[in-house]
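Everything below concerns the one structure shown next.
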Amino acid sequence: MEITRFAPSPTGHLHIGGARTALFSFLFAKANQGKFLLRFEDTDQERSKDEYVDSILKSLEWMKIKLDDDPVYQSKNIAKHKELAIELYKKGLAYACDCSEEVLTKMREEQIAKKQKPKYNGLNRDRNIEFTDGMVLRFKFPIAGESNFKDLILGDIAINNKEFDDFIILRSDGTPTYNFSAAVDDMDMNITTVIRGDDHITNTLKQINVLAALNAKIPSYAHLPMVLAESGKRLSKRDGADDILDYKKNGYLSDALVNYLVRLGWSYGEEEIFSLKKLQEIFNLNDVNSSPSKYSQDLLDWYNNKYLNFLTSKELIAKVKENSGVDFNQIDNGELAISLLAKGANSLNQIAEESIYFFQEPHIKFDSLNIDANKKILFSEFSKRLREIDFEKNEIERYIKEFLHANDLKFPELGKPLRIILTGKENAPSISELLFILGKETSLKRIEYTLND
RNA sequence: GUCCCCUUCGUCUAGCGGUUAGGACACCGGGUUUUCAUCUCGGCAACAGGGGUUCGAUCCCCCUAGGGGACGCCA
């Protein structure tokens, strides 16, 4: 059975890149009837925060990415990892090193000055120093040959072993380092396929060697090309690396975000719309593109608009209320009103913002309309007879046409100012729809307010 | 600097040796809506460059260029 995992370090919120990694990992597991697990790599005591653990958990939950088991907290395995590191040392697969930070820094500076790749030079590799507290343990990385693996997305990847150094697996404070812990935990969790960003490629080669030293089964690996910011640069706080929960707050639908995210790198013929359910059936790593992609706000907005309009009016009302507190149930014809606004909206918030005139009197003064004062008579004539008609959509429309004709008016002459009177805006649904939704009483009240000004 | 990955319209992508190089977003026009949006019809727009291999290269190989990434007692 396939077992995948998402292994974020809780040193920040979940952002677009991480969310996509989690999604692909989840979908791959589900499409193979496997399990999806979560592991918090929280061994950096300084930077790991409970608050981020919470927000990552909430983000995944919002995206409907379900875990098949409780999350694993790597910090709880520290003692075990240390034990294993020492075991490697006892077997001669790791060695003790007492190089001070100064020595290391100097070594690195000299290498950089000589335009070489900075790495530990193996000074203590064969000295058989006895390991005591305060020393680090380094992994004896194979010197000859190359390390390689077959990436599920990128294909064969091989790097000459001389590119690597004997990296530290146990710090001088006795805690294990990332490349050791991650490998051990993947082994312990029986991970079959590791799916992560391609910035981990060199880590993968390191971890494969650790796993080999541990006599463990090597999982399959799939490295996802990065998601770049719209600028083409790395995703940063400034562009794109927002907290996923901000998308929720800003009125995005998780289904839309998921659909957008999955299309960042993955495709399925010429289809663009996928439900999470469908994705769990058809997702395949073979269909993942090997080149990096850029975040596009436009595309995300397009998806959100689509998904907004997949919802029924009742669902929309509930979502808008939950999101911004605006309750379309409080107005007459709320369902009609919200479905009209949703057509052009990119987010729940936009619907709420756009809707104020359904909830508040716009209080438009006649002078602000910038039209001839003698038009007042026309508008009062219009409202006088509006009072008498049957307030039903076809009837309203019929009446407007008739009125225009009788007064030899073009629509904009009436429509433009009227729309402002009714909504305070130049752009809004059609006049007849507005009148209908607002109802006779409110419509007349607004017109009269302006005329009596 | 060394090593690794990547390169099809502006963007997301299809393509898997022979295609008028397809779709979507964005953009630009027409129609509908006598507003905006929606809807609808149409348009613009790409194989980074150079060498091979081949009867034939977007597709396979090499080089160059460009972009991204990795080189911590962070993860």
Side-chain angles (χ1 to χ4, degrees), chain A residues 7-12 40-44 46-48 74 97 99-101 104-105 108 111-120 135-138 151 153-155 157-160 162-165 167-179 181-182 197-206 223 225-226 228 230 232-234 260 263-273 287 289-303 305 309 340-346 354 400-401 404 410-416 418-420 423 425-431:
Chain A
S9 65
T11 52
F40 284 109
E41 310 232 317
D42 57 348
T43 51
D44 186 332
E46 295 282 302
R47 297 192 301 145
S48 295
Q74 190 164 68
C97 173
C99 288
S100 65
E101 254 184 86
L104 262 17
T105 306
R108 190 168 301 125
Q111 288 162 333
I112 291 172
K114 278 192 268 183
K115 304 201 180 251
Q116 292 171 340
K117 188 177 206 161
K119 53 180 204 171
Y120 182 65
M135 289 185 197
V136 304
L137 244 30
R138 287 184 181 273
D151 189 275
I153 294 170
L154 269 16
I157 291 180
I159 299 182
N160 198 309
K162 66 179 173 225
E163 295 301 327
F164 297 91
D165 67 357
F167 58 90
I168 292 170
I169 57 174
L170 196 70
R171 296 186 190 93
S172 53
D173 67 358
T175 61
T177 60
Y178 166 74
N179 277 122
S181 290
D198 70 7
D199 50 338
H200 278 282
I201 289 177
T202 49
N203 289 333
T204 293
L205 267 344
K206 290 181 185 177
H223 291 91
M226 306 256 91
L228 305 175
E230 291 198 279
K233 296 292 174 200
R234 198 194 179 110
Y260 168 69
R263 288 285 291 104
L264 233 43
W266 177 87
S267 62
Y268 191 72
E270 288 183 349
E271 289 183 44
E272 309 285 356
I273 305 291
D287 298 321
N289 199 121
S290 59
S291 50
S293 46
K294 285 179 196 162
Y295 175 81
S296 165
Q297 188 63 47
D298 277 342
L299 230 206
L300 208 209
D301 284 346
W302 178 76
Y303 272 112
N305 172 269
N309 286 285
L340 248 26
L341 292 180
K343 281 199 164 51
N346 288 331
E354 198 59 32
I400 292 175
K401 275 191 186 142
L404 291 173
K410 290 202 182 96
F411 183 86
E413 294 179 83
L414 174 74
K416 246 183 120 175
L418 192 53
R419 179 172 289 107
I420 295 175
T423 67
K425 290 171 179 287
E426 286 183 13
N427 301 326
S430 78
I431 295 294

Q | Whole angstrom value for the distance that separates C1' of B/C71 from CZ of A/R108 | A | 9 Å

Q: Measure the distance from NZ on A/K117 to C1' on B/G72 and round it to the nearest whole Å.
A: 14 Å

Q: With heavy atoms under 4.0 Å as the rule, sort A/G197 into base, sugar-phosphate or nothing.
A: nothing

Q | A/D173 and A/T175: CA distance, side-chain angles, deciding distance, side chain to side chain donor-acceptor pair (under 3.5 Å) verdict | A | CA-CA 6 Å; A/D173 67 358; A/T175 61; 2.7 Å; yes

Q: Mind checking A/C97 for me? I need base, sugar-phosphate or nothing, with any heavy atom below 4.0 Å counting as a touch.
A: nothing

Q) Backbone N or O of A/W302 within a donor-acceptor pair of the A/N346 side chain at under 3.5 Å? A) no

Q. Distance check: side-chain N/O of A/N305 vs OP1/OP2 of B/A37, anything under 4.0 Å?
A. no

Q: Measure from CH2 on A/W266 to P on B/C12 and round the result to the nearest Å.
A: 17 Å

Q: Whole angstrom is fine here: how far is it from CG in A/L104 over to C1' in B/C71?
A: 14 Å

Q: Would you kindly give the CZ-to-C1' distance between A/F164 and B/C71, to the nearest whole Å?
A: 10 Å

Q.
Whether A/R234 contacts B/G68 is assessed here as follows: a side-chain N or O lying under 4.0 Å from the phosphate OP1 or OP2. Is that the case?
A. no

Q. With a 4.0 Å cut-off on heavy atoms, is A/P225 in touch with a base, just the backbone sugar-phosphate, or nothing at all?
A. nothing

Q: Mind checking A/L264 for me? I need base, sugar-phosphate or nothing, with any heavy atom below 4.0 Å counting as a touch.
A: sugar-phosphate

Q) B/G72, B/C73, B/A70: which one has an atom nearest the side-chain heavy atoms of A/T202? A) B/A70

Q. Which part of the nucleic acid does A/K294 contact within heavy-atom distance under 4.0 Å: base, sugar-phosphate only, or nothing?
A. sugar-phosphate

Q. Within less than 4.0 Å of OP1 or OP2 of B/A14, is there a side-chain N or O belonging to A/S267?
A. yes

Q. In the 5'-to-3' direction, what one-character label does each nucleotide of nucleotides 20-36 of chain B receive under the scheme B = base within less than 4.0 Å of a protein heavy atom, S = sugar-phosphate only, - = no such atom?
A. --BBSSS-------BBB

Q) What's the closest nucleotide to the A/L228 side chain, out of B/C5, B/U2, B/G68? A) B/G68

Q | B/U7 and B/G49, which share atom name C1', separated by this distance in whole Å | A | 12 Å

**Q.** Distance test, side-chain N/O of A/K233 to OP1/OP2 of B/G68, below 4.0 Å
**A.** yes

Q. Is the count of non-hydrogen atoms from other residues, nucleotides or ligands lying under 6.0 Å from A/K425 atom NZ greater than 12?
A. yes

(Q) For B/A75, does the base pair up with any side-chain atom of A/N203 as donor and acceptor (N or O, under 3.5 Å, distance only)? (A) yes

Q) Angle class for the A/Y178/A/H200 ring planes (parallel below 30°, perpendicular above 60°, tilted otherwise)? A) tilted

Q. Between B/U2, B/C6, B/C71, which one does the side chain of A/L154 approach most closely?
A. B/C6

(Q) Heavy-atom nearest nucleotide on RNA chain B for A/L340 versus A/E41: which residue maps closer to 5'? (A) A/L340

Q | Spacing between A/I201 atom CD1 and B/C4 atom P, to the nearest angstrom | A | 11 Å

(Q) Tell me the interatomic distance from A/Q111, atom CD, to B/A70, atom P, rounded to whole angstroms. (A) 19 Å

Q.
Nearest heavy atom decides the nucleotide; on that basis, is A/K115 or A/T43 closer to the 5' end of RNA chain B?
A. A/K115

(Q) So, does A/S293 get its side chain near the phosphate of B/U11, meaning an N or O under 4.0 Å from OP1 or OP2? (A) no

Q) Looking at the side chain of A/E163, which of B/A75, B/C73, B/U2 is the nearest nucleotide? A) B/U2

Q) How many Å lie between CD1 on A/I157 and C1' on B/G69, as a whole number? A) 12 Å

